[in-house]
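For reference, the structure is listed below as structure tokens.
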Amino acid sequence: MIQLVRGFKDILSGEVEIWQQIEKTARSLFEDFGFKEMRPPILERAELFARSIGEDTDIVEKEMYTFYDKKKDPVTLRPEATASVVRSYIQHKLYAKDAIRKFYTIGPMFRRERPQKGRYRQFYQINAEVFGIDSPLIDAQLIFLLATLFSRLSVTDAKVHINSLGCSTCRPKFKEALSDFLLSAKEKLCSDCTRRSKRNPLRVLDCKVPLCREAIVGAPSVLDFLCSECGSHFEGVKKSLEKLKVPFLIDKRLVRGLDYYTRTTFEIQTGLLGAQNAIAGGGRYDNLVKALGGPDQPAVGFAIGIDRLAEITGLEIKDFLQYPDIFVAALGEKSQSIAFEWICALNLEGTRAEMDFAGKSLKSQMKRANKLGARYVLIVGEKELEEGSVIMRNMMTKEQILIPIDGIIEKVKEKL
RNA sequence: GUGGGUGUAGCUCAGUCGGUAGAGCGCCGGGUUGUGGUCCCGGUUGUCGAGGCUUCAAUCCCCUUCACUCACCCCA
């Protein structure tokens with residue numbers, strides 16, 4: 001038996017209905033907020049991710065599915081969507097008509113990590129990106145959008161964490177102060193963190209090892225190093241969130257794993273997913289568009305993990321499963337071929353109609369109708385054909401009525 | 001990449017201190033010839049994850065491997 005690839009999965013009926021509901025709710029919300037859908041490809045030049053996510057990140061260092069396309073350029077199955085959306089924004093000069101652009105995209109991402117609860121090698125994200133707006137209002141609106149989506153999807157255990165990472169003027173100063181601090185505390189840090197403190201000191205703040213957490217208690221806080229512009233920007237985000245009545249936590253240890261973030265960063269965290277607590281995350285990346293060769297346009301965005309969201313949503317599958325409206329139980333070949341015409345006609349008109357194709361007994365056809373959850377059963381046999389009317393049985397009430405074969409499709413639809 | 005747990009029928013699981021396996025659910029049929037869900041009766045299914053070692057004999061011991069799962073790591 002050929003099995004699927006490790007870390008990949010089939011999303012089958014019973015689960016897929018929840019996904020459809022998530023996507024449907026997200027789409028309509030995004031449209032209301034003025035976002036346009038974009039569908040970039042899932043394969044990009046490897047270089048795109050190295051330059052956007054950062055060479056020193058785990059994603060680029062060891063998690064990408066990269067291969068050579070017929071011995072030519074290295075290509076990569078996208079590990080995230082922002083880079084592609086930015087690439088597209090630049091390539092098609094989408095900023096030319098109007099620098100302010102809002103996009104959303106839904107699709108699979110690929111990262112070769114060890115699979116775990118809420119972590120797969122092919123996973124799905126809903127992304128939103130806004131270009132050309134500097135104002136903290138838009139940061140707050142994105143978080144508001146997320147909070148709204150989660151509440152519409154009946155997510156209960158979700159908290160908004162926010163932080164600011166500063167910009168290219170203030171971040172270096174903070175980095176320096178942090179490096180100095182880490183140097184003085186290096187005996188207490190775990191091996192990963194000693195390595196990180198040189199290459200990417202911000203990451204140390206994110207470490208979960210208890211001793212490291214202890215060691216960084218007195219570490220300098222990013223927020224104390226923000227320049228006045230970044231400081232007031234962050235204040236603006238907070239004030240707007242309060243106005244929008246979105247509860248949030250200021251989490252100065254919230255550092256994100258992608259290098260392109262500046263200023264506002266945020267995550268929606270839950271306690272329901274074991275070790276994987278982030279169901280959505282994002283932030284501002286004011287330098288990325290320019291860094292990838294585009295105009296100097298600010299940008300903010302976020303990504304939602306659909307796999308994770310589907311696991312913690314309060315939606316119940318029973319509310320989304322579909323059952324046949326009607327099952328046609330036909331007895332004998334003649335009835336069967338007529339029944340076949342009927343169900344096709346009904347299907348065409350948007351009625352969920354089913355029948356049995358094996359010429360089984362009425363009893364077993366009734367059983368099947370019941371198993372499928374059909375609301376009504378139409379019984380047609382020799383006798384009914386002769387008399388010109390068939391039996392329509394309500395499976396809930398057991399009530400049976402006769403309806404004439406003449407104009408049956410319309411009559412059935414009326415009764416449903 | 002590292003560590004722990006698990007791997008027996010379609011599903012959930014039991015079992016053999018080594019003698020090739022069951023239960024519930026499901027599925028199929030029947031309970032008088034054309035009516036479902038409850039009930040009763042009957043039937044159905046397995047290379048006991050894969051390969052190897054020890055043994056007269058392994059699903060059960062040992063080794064390897066794969067998969068699933070959880071955690072580290074990282075992130076959505």
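Basis for what follows: all heavy atoms, side chains included, without hydrogens, waters or symmetry-related copies. Quick caveat, the model's predicted, so the values are computed rather than measured. Chain identifiers are assigned alphabetically (A, B, ...) following the order of the sequence lines, protein sequences preceding nucleic acid strands; residue numbering begins at 1 within each chain.
Sorted by first and then second residue, the ring-ring contact (aromatic ring centres under 6.0 Å, His included) pairs with a member in residues 318-350 of chain A form an empty list; sequence neighbours excluded. Pairs passing the ring-ring contact (aromatic ring centres under 6.0 Å, His included) check and including a residue from residues 2-36 of chain A, sequence neighbours excluded, read A:W19-A:Y124, A:F30-A:F35, A:F30-A:Y104.
The separation between A:E63 atom CD and B:C73 atom P is 13 Å, rounded to whole Å. The nearest whole Å value for the distance from the CH2 atom in A:W19 to the C1' atom in B:A76 is 11 Å. Regarding A:E113, its CD atom lies at a distance of 9 Å from the P atom of B:C75, rounded to whole Å. Following rounding to the nearest Å, A:D356 (CG) and B:G36 (C1') show an atom-to-atom distance of 14 Å. The distance between atom CG of A:L402 and atom C1' of B:G34, rounded to the nearest whole Å, is 14 Å. Atom C1' of nucleotide B:C27 and atom CZ of A:R368 are separated by 12 Å, given to the nearest angstrom. Here B:U38 presents its P atom at 12 Å from NZ of A:K363, a figure rounded to the nearest Å. Taking atom CG on A:L372 and atom P on B:G26, their separation rounds to 16 Å, with Å as the unit.
Within a heavy-atom distance below 4.0 Å of RNA chain B, the residues of residues 315-346 of chain A found are A:L331. Of the residues in residues 373-385 of chain A, A:I379, A:K383, A:E384 come within less than 4.0 Å of RNA chain B through at least one heavy atom, sorted by number.
Qualifying salt bridge (Lys or Arg N to Asp or Glu O under 4.0 Å) partners for A:D356, counting only residues two or more places apart in sequence or in other chains: none. For A:S13, the side chain to side chain donor-acceptor pair (under 3.5 Å) partners two or more places apart in sequence, or in a different chain, are A:E17. Under the salt bridge (Lys or Arg N to Asp or Glu O under 4.0 Å) criterion, A:R352 pairs with A:D325, not counting sequence neighbours. Taking the side-chain contact (heavy atoms from CB on, under 4.5 Å) definition, one finds that A:R6 meets it with A:R114, A:P115, A:R121, sequence neighbours left out. The salt bridge (Lys or Arg N to Asp or Glu O under 4.0 Å) test applied to A:K102 returns no partner, not counting sequence neighbours. When the side-chain contact (heavy atoms from CB on, under 4.5 Å) test is applied to A:K411, the partners found at least two apart in sequence or on another chain are A:P404.
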Where protein sits on nucleotides 64-71 of chain B, one letter per nucleotide: B base, S sugar-phosphate only, - none, heavy atoms under 4.0 Å: ---SS-SB
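Remark: the separation of the P atoms in B:C68 and B:C28 is 31 Å, to the nearest Å. Spacing of C1' atoms, B:U12 relative to B:G30, comes out at 28 Å, to the nearest Å. Between the C1' atoms of B:G34 and B:G42, the separation comes to 23 Å (whole Å). On the P atoms, B:G43 is 11 Å away from B:A23, given to the nearest whole Å. Spacing of C1' atoms, B:G52 relative to B:G46, comes out at 23 Å, to the nearest Å. Nucleotides B:A21 and B:C13 have their C1' atoms positioned 14 Å apart, rounded to a whole Å. B:G10 and B:U35 have their P atoms separated by 33 Å, with the value rounded to a whole Å. Taking the C1' atoms as reference points, B:G26 lies 33 Å from B:U65, given to the whole Å.
Salt-bridge formation is not detected for the pair A:E399/A:R393: no Lys NZ or Arg NE/NH1/NH2 atom is positioned less than 4.0 Å from an Asp or Glu carboxylate oxygen. With respect to A:R39 and A:E37, a salt bridge is recorded, a charged nitrogen being found less than 4.0 Å from a carboxylate O. The existence of a salt bridge linking A:D307 and A:K9 is confirmed by a sub-4.0 Å separation between a basic side-chain nitrogen and an acidic carboxylate oxygen. Using a 4.0 Å cut-off between charged side-chain N and carboxylate O, A:K117 and A:E311 make a salt bridge.
Between the side chain of A:R308 and the base of B:C75, a donor-acceptor pair under 3.5 Å is found. Residue A:E311 places no side-chain atom within donor-acceptor reach of the base of B:A76, judged by atom type and a 3.5 Å distance cut-off alone. With hydrogens and angles ignored, a donor-acceptor pair under 3.5 angstrom links the side chain of A:R393 to the base of B:G36. Between the side chain of A:D58 and the base of B:C73, no donor-acceptor pair of N or O atoms lies under 3.5 Å.
In this model, no donor atom of one side chain and acceptor atom of the other lie less than 3.5 Å apart for A:Y89 and A:E129.
Which of B:C27, B:U35, B:G29 sits closest to the side chain of A:K371 comes down to B:C27. Comparing B:G36, B:U35, B:A76 against the side chain of A:L362 picks out B:U35 as the nearest.
Counting any heavy atom pair closer than 4.0 Å across all strands shown, A:K9 reaches no nucleic acid atom. Nucleic acid contact class of A:Q400 (heavy atoms, under 4.0 Å, all strands): base. Nucleic acid contact class of A:I126 (heavy atoms, under 4.0 Å, all strands): none. Heavy atoms of A:A280 sit under 4.0 angstrom from primed sugar atoms or phosphate atoms, though from no base atom.
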Dot-bracket pairing map - RNA chain B, Watson-Crick plus G-U, both contacts under 3.5 Å, | cross-strand: (((((((..((((........))))((((((.......))))))....((((.........)))))))))))....
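No side-chain donor-acceptor contact under 3.5 Å links A:S52 to the backbone of A:A83. In this structure a side-chain-to-backbone donor-acceptor pair under 3.5 Å is missing from A:Q122 to A:M109.
When all heavy atoms of A:G132 and A:I100 are compared, the closest pair comes out as O-CG1, 3.7 Å. Between A:G231 and A:L226, the shortest heavy-atom contact is N-CB, 3.9 Å.
For A:K62, no side-chain nitrogen or oxygen approaches OP1 or OP2 of B:C75 to under 4.0 Å.
For the pair A:G305 and A:T397, both in contact range of RNA chain B, the more 5′-proximal nearest nucleotide belongs to A:T397. Between A:I304 and A:R112, the residue anchored nearer the 5' end of RNA chain B, judged by the nucleotide with its closest heavy atom, is A:R112.
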